[in-house]
**Q** 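Dropping a structure here in structure tokens format, bear with me for questions.
In what follows, every heavy atom counts, from backbone to side chain, and hydrogens, waters and symmetry copies are set aside. This one's a predicted model, so the numbers in the text were calculated from it and none came from an experiment.
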Amino acid sequence: RKKRRKKPHPHCSTFASPHKPTLKPKACKRAAIFLPTATNIQIPLNMRDYLNKTLIVFFILSLTLSSCNSRDERIKSKGNQPLVVNSQEIKIAKAVFYLENSESMFGYVNGFTEYVDVISELSEKPDFAAEKTKREFNFINGGTPLSINCLGNDPKIFKSKLNTSGFRCGDITKSNLNGMFQIALDRAQNDTISILISDAIYDIGQPQSPLNALITEGRETRSKFISRLENGNIQCLMIKLFSSFEGNYFYSSHSGKTYVNQSRPFYIWVFGKSELLNKYFSETYISQHLKGFVNYARFIPIEENKVPYQINPAINRKGSFKPDRKNQNKLINAETRHGEFQFAFAVDYSSIPFSSNYFSNIDNYSLSNQNFKIVSINEIKKDEKYGITLFTNPTHLITIQTDKNPCGDLEITLKNEIPSWILESDADNEHIIDSNKTFGIKYLTNGISEAYQHTNRSKNLAMFKISISN
């Protein structure tokens, strides 16, 4: 005989199981006494409003507490991750121009020359116009003291003076180049940069020994730069350009002058913080937008450059070796094959604001083991970067070779050298006015270079350590 199944109490929950009520019938009966329904409870209107308001407040408080709890959980889940602070983008607040206007510069402004075009471009640099950068324009010449003629801050007025008539002010008979450097260096502070334009010829006053006088001037240049570097790091960007020149060339090593109508070099120095000069005066800008551009050099404060590098065992490989699993810059089981051993490693030079030509010049490197040599340095094209290294932006590939036993530790150093184009631009005498050379320029640049070498903590730009074992 089948037992009759009892019906569940009407106020018991049956969600958990259709056969087993979640509450016992007696408990349900007791609970049912206190369950209000719309038919057995009448709430007054004023009380109903009060309850509604109370429920709304309770609901808002619940959401607030819930969001706070979830926020705390998110913070805990992130652990000790650093907070990212959006710092304001660096900008040049002011650019101060100094144009040497001694009489030796008049030939550059005899007509609309490359010199005039470059000065016009710099005064109206698109970044300056877009960011409303303040500008100050000055002519500078004379001996001691220097004569500085301020032309104001209007590029139009400044450009109207780029002619022989406009240049004829101050003391045009002298040019104290070291004094000009000091003035320009002192003005480059914080987010202000300074720009000096000159033919870079020392006014040495017709001495009996011109070369000794040049050495003395170069040492004074070094002192000016050291003094400024002691008061804070500053980058010096030096740019060489060509311009047509028609006018008098005034000899520095002896008295007299000669009329020339030919191309002549001139130079621009930009002083300021490295992050400002790297951003506003990139290699692309100065090489493509400054007419008559020849080359450039940067003299920079060096703290410690950590340049990423990594061996790629599949490129330019000769001999026998395996990459070490724990050290990506170590080779094991290494031995020559057919008298040769060769490997390549990639580097990322993007943090060093030098030209690609500088990085690709083998003469700018040294190796700790003379049995090795650098056979090639190639720039890596954008479409070839993928898969070469674990880091994302390899810029150059350096290939190393030896015909001796390769085992041992090897250090490859990128030296901080004066670029070869500067030495090639130097003339030790003025017997012939060479259109490509500047009298005494190497003494000037030596002074600048030695000042940075004196203050830099590291003498080299980068060092790469490779370990090789059998």
Side-chain angles (χ1 to χ4, degrees), residues 98 100 175-189 193-196 198-204 207 209-240 252-253 265 267-274 277-278 295-305 352-355 357-359 361 363-366 413-428 437-463:
Y98 293 99
E100 182 192 342
S175 58
N176 180 0
L177 190 56
N178 277 322
M180 296 177 192
F181 276 131
Q182 182 171 350
I183 295 292
L185 284 165
D186 289 343
R187 289 301 302 272
Q189 302 283 347
I193 68 165
S194 61
I195 301 173
L196 173 63
S198 168
D199 60 2
I201 299 177
Y202 282 126
D203 185 354
I204 55 178
S209 177
L211 292 183
N212 286 341
L214 288 174
I215 293 171
T216 300
E217 291 290 330
R219 287 173 178 163
E220 185 179 346
T221 299
R222 181 181 63 191
S223 297
K224 302 293 185 186
F225 274 80
I226 289 176
S227 177
R228 174 59 183 84
L229 287 166
E230 291 296 325
N231 294 326
N233 285 338
I234 186 173
Q235 182 185 132
C236 169
L237 167 62
M238 178 180 176
I239 309 169
K240 179 182 179 180
S252 178
S253 57
Y267 302 85
I268 298 173
W269 292 270
V270 187
F271 304 105
K273 287 183 176 179
S274 284
L277 269 56
N278 296 346
N295 220 319
Y296 77 97
R298 292 184 193 264
F299 301 89
I300 60 174
I302 302 173
E303 294 293 333
E304 183 179 358
N305 288 318
I352 304 178
F354 280 35
S355 70
N357 289 337
Y358 187 91
F359 298 131
N361 188 344
D363 293 336
N364 293 330
Y365 294 80
S366 65
T413 300
L414 175 63
K415 299 179 290 184
N416 188 15
E417 296 283 341
I418 295 178
S420 58
W421 68 262
I422 291 179
L423 300 179
E424 293 166 1
S425 301
D426 179 69
D428 280 338
K437 296 182 180 294
T438 300
F439 177 63
I441 189 71
K442 73 177 181 182
Y443 298 97
L444 185 155
T445 51
N446 282 345
I448 298 174
S449 178
E450 289 170 7
Y452 278 89
Q453 289 175 1
H454 175 79
T455 55
N456 281 339
R457 294 180 181 179
S458 174
K459 304 304 179 186
N460 300 307
L461 294 171
M463 179 180 290

**Q** What heavy-atom pair brings Gly272 and Leu277 nearest, and what distance separates the two atoms?
**A**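 Looking at all heavy atoms of both residues, the shortest contact is CA-CD1, 3.7 Å.
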**Q** Between Tyr452 and Leu229 (side chain of the first, backbone of the second, donor and acceptor by atom type, cut-off under 3.5 Å), is there such a pair?
**A**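 The answer is no, because no donor-acceptor pair under 3.5 Å joins these two groups.
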**Q** Supply the atom-to-atom distance Phe225 CZ to Glu220 CD, rounded to the nearest 0.5 angstrom.
**A**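 Going from CZ on Phe225 over to CD on Glu220, the span is 12.0 Å.
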**Q** Check whether any side-chain N or O of Lys437 sits under 3.5 Å from a backbone N or O of Glu424 as a donor-acceptor pair, and report yes or no.
**A**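 Yes.
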**Q** According to the interplanar angle, ranging from 0 to 90°, do the rings of Phe181 and Trp269 count as parallel (below 30°), tilted (30 to 60°) or perpendicular (above 60°)?
**A**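 The arrangement is perpendicular - the two ring planes meet at more than 60°.
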**Q** Once rounded to the nearest 0.5 Å, what's the spacing between atom OG1 of Thr413 and atom CG of Asn460?
**A**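 So the gap between those two atoms works out to 5.0 Å.
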**Q** Given side chains that start at C-beta, do those of Asn176 and Asp203 come closer than 4.5 Å, heavy atoms only?
**A**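 No. Closest side-chain heavy atoms not under 4.5 Å.
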**Q** Within the distance-only criterion (no hydrogens, no angle test), does the side chain of Asp426 pair as donor or acceptor with the backbone N or O of Ile441 below 3.5 angstrom?
**A**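 Present.
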**Q** Looking only at atom types and distance, does a side-chain atom of Tyr98 sit under 3.5 Å from a main-chain N or O of Ile183, one as donor and one as acceptor?
**A**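 No, Tyr98 side chain to Ile183 backbone: no donor-acceptor pair under 3.5 Å.
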**Q** Would you indicate whether the side-chain heavy atoms of Ile300 and Pro353 approach each other to under 4.5 Å?
**A**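 Counting from C-beta outward, Pro353 and Ile300 do come under 4.5 Å.
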**Q** To the nearest 0.5 Å, what is the distance between CG on Leu423 and OG1 on Thr445?
**A**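 Answer for the CG-OG1 pair, Leu423 versus Thr445, is 6.5 Å.
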**Q** So do Ile418 and Lys442 actually touch side chain to side chain, heavy atoms under 4.5 Å?
**A**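 Counting from C-beta outward, Lys442 and Ile418 never come under 4.5 Å.
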**Q** Measuring from atom CZ of Arg298 to atom CZ of Phe354, what distance do you get when rounded to the nearest 0.5 angstrom?
**A**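 Going from CZ on Arg298 over to CZ on Phe354, the span is 8.5 Å.
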**Q** Check whether any side-chain heavy atom of Asn233 sits under 4.5 Å from a side-chain heavy atom of Ser274, and report yes or no.
**A**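 No; the side chains remain at least 4.5 Å from each other.
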**Q** Is the shortest side-chain heavy-atom distance between Met180 and Leu177 below 4.5 Å?
**A**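 Yes - at least one pair of side-chain heavy atoms lies under 4.5 Å apart.
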**Q** Please find the pair of heavy atoms, one from Ile268 and one from Val270, that lie closest to each other, and give the distance.
**A**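 So the minimum-distance heavy-atom pair works out to CG2-CG2, 4.0 Å.
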**Q** Just how far is it from atom CG of Leu414 to atom OG of Ser366, taken to the nearest 0.5 Å?
**A**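 Going from the CG atom of Leu414 to the OG atom of Ser366 covers 9.0 Å.
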**Q** With rounding to the nearest 0.5 Å, note down the distance linking CD in Glu100 to OH in Tyr267.
**A**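 Interatomic distance, Glu100 CD to Tyr267 OH, rounded to 0.5 Å: 13.0 Å.
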**Q** Nearest heavy-atom pair of Asp199 and Thr438: which atoms, and what distance?
**A**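 Heavy atoms only, the tightest pair is O-CG2, 3.5 Å.
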**Q** Do Lys459 side-chain atoms and Asn416 backbone N/O form a donor-acceptor pair below 3.5 Å?
**A**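 The answer is no, because no donor-acceptor pair under 3.5 Å joins these two groups.
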**Q** For a quick test of reading the model, state the closest non-hydrogen atom pair linking Ser194 to Ala188 and the distance between them.
**A**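 Answer, listing the atom of Ser194 first, then Ala188: OG-CB, 3.7 Å.
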**Q** Under 3.5 Å, is there a donor-acceptor pair between the side chain of Ser198 and the main chain of Ala200?
**A**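 Here the side-chain-to-backbone pair exists.
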**Q** Could you tell me whether the side chain of Asn178 and the main chain of Glu217 form a donor-acceptor pair under 3.5 Å?
**A**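 Judged by distance alone, yes, a pair lies under 3.5 Å.
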**Q** Is the closest side-chain heavy-atom distance between Asn295 and Pro419 below 4.5 Å?
**A**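 No, every pair of side-chain atoms sits at 4.5 Å or beyond.
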**Q** Using distance alone, with no hydrogens and no angle criterion, decide if Asn231 and Gln189 have a side-chain donor and acceptor under 3.5 Å apart.
**A**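 There is no such pair between these side chains.
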**Q** Check Tyr358 against Lys415 and note the closest heavy-atom contact, atom names and distance.
**A**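 In terms of heavy atoms, the two residues are closest at OH-O, 2.5 Å.
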**Q** Ser227 side chain to Ser223 main-chain N or O, any donor-acceptor pair under 3.5 Å?
**A**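 The answer is no, because no donor-acceptor pair under 3.5 Å joins these two groups.
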**Q** Could you check whether any side-chain N or O of Tyr202 sits under 3.5 Å from a backbone N or O of Phe439, counting only pairs where one atom can act as donor and the other as acceptor?
**A**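 No, the answer is negative, given that no donor and acceptor are paired below the 3.5 Å cut-off.
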**Q** Can you give me the closest heavy-atom contact between Ala213 and Ile204, atom names plus distance?
**A**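 That closest heavy-atom pairing would be CB-CB, 4.0 Å.
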**Q** Say whether, by atom type as modelled, one donor and one acceptor occur between the side chain of Arg222 and the main chain of Glu450 under 3.5 angstrom.
**A**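 Absent.
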